[in-house]
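Since the structure comes first, as structure tokens, the remarks are kept for the end.
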Amino acid sequence: MAECPTRHLKHTPRSEQLVKDATTRLNRAIGQLNGVKQMIDEGRYCGDVLVQLAAAQSAVKAVSRMLLEDHLQSCVVEEIQQGNTEVVSEVVDLLKKFS
């Protein structure tokens, strides 16, 4: 199994399926945000713009959940198995950013 990053490493191998799913969702969010920008430029109704912003936010949150789950199931488990319990503090900090 590949070594997971600690604070000093910046690379994490991911499955092809995770990369594909994350990329699809991010592309959707990017498209939605481009649509929101266009709606604002066109002076579209605020409620419609807000609905599209909520959709983009939901897509980004879905990617965050996917990556967090993968991180917990791989990197965090590996670090704890190697005796690095400091990774728990990292997870707590990550969870705070998403709440």
Side-chain angles (χ1 to χ4, degrees):
M1 198 173 305
E3 182 176 336
C4 283
T6 58
R7 294 193 192 274
H8 64 278
L9 298 176
K10 299 291 183 188
H11 178 72
T12 300
R14 294 182 177 91
S15 72
E16 287 183 32
Q17 188 63 49
L18 178 64
V19 171
K20 180 182 174 193
D21 292 346
T23 299
T24 298
R25 289 176 186 267
L26 288 172
N27 285 337
R28 183 177 305 134
I30 290 166
Q32 289 166 327
L33 288 173
N34 285 331
V36 167
K37 182 182 179 305
Q38 184 175 351
M39 291 172 79
I40 290 173
D41 290 343
E42 295 171 354
R44 299 276 297 274
Y45 180 64
C46 296
D48 293 340
V49 174
L50 290 167
V51 166
Q52 290 305 309
L53 280 171
Q57 185 178 27
S58 177
V60 170
K61 283 184 177 183
V63 174
S64 298
R65 284 189 301 268
M66 289 168 38
L67 291 174
L68 180 60
E69 180 179 354
D70 184 68
H71 182 58
L72 290 171
Q73 291 179 346
S74 59
C75 300
V76 173
V77 169
E78 288 178 23
E79 289 294 319
I80 289 172
Q81 287 174 341
Q82 293 174 9
N84 179 10
T85 57
E86 292 177 16
V87 73
V88 173
S89 295
E90 174 194 307
V91 171
V92 170
D93 290 342
L94 285 171
L95 291 173
K96 287 177 186 176
K97 290 180 185 197
F98 291 104
S99 62

Is the backbone of Val19 close enough, under 3.5 Å, to the side chain of Thr23 for a donor and an acceptor to pair up by distance? yes

[X]-[Y] co-clustered via ILVMFWY side chain contacts under 4.5 Å:
X: Val60; Y: Ile30; result: no
X: Ile80; Y: Leu95; result: yes
X: Met39; Y: Leu53; result: yes
X: Tyr45; Y: Val51; result: no
X: Ile40; Y: Leu50; result: yes

When rounded to the nearest 0.5 angstrom, what distance separates SG in Cys75 from CD in Gln73? 11.0 Å

Say you draw a straight line from CD of Glu69 to CG of Leu18; how long is it, rounded to the nearest 0.5 Å? 9.0 Å

CA sep, side-chain torsions, deciding dist, call: Gln17, Asp21, side-chain hydrogen bond (donor to acceptor under 3.5 Å, both in side chains): CA-CA 6 Å; Gln17 188 63 49; Asp21 292 346; 2.8 Å; yes

Determine whether the side chains of Gln38 and Asn34 contain a donor N or O and an acceptor N or O closer than 3.5 Å. no

Taking all non-hydrogen atoms of both residues, which atom of [X] and which atom of [Y] are closest, and how far apart?
X: Met66; Y: Ala22; value: CE-N, 3.4 Å
X: Ala29; Y: Ala59; value: CB-CB, 3.8 Å
X: Ala62; Y: Arg25; value: CB-NH1, 3.3 Å

Would you indicate whether the side-chain heavy atoms of His71 and Leu67 approach each other to under 4.5 Å? no

Is there side-chain contact between Val49 and Gln52, with at least one heavy-atom pair below 4.5 Å? no

Residues Lys37 and Asp41 bridged, charged N to O under 4.0 Å: yes

Is Glu16 atom CD crowded by more than 12 heavy atoms from other residues, nucleotides or ligands, each under 6.0 Å away? no

With Asn84 as partner, the option from Glu90, Glu78, Glu79 fulfilling side chain to side chain contact (heavy atoms under 4.5 Å, CB included) is Glu79

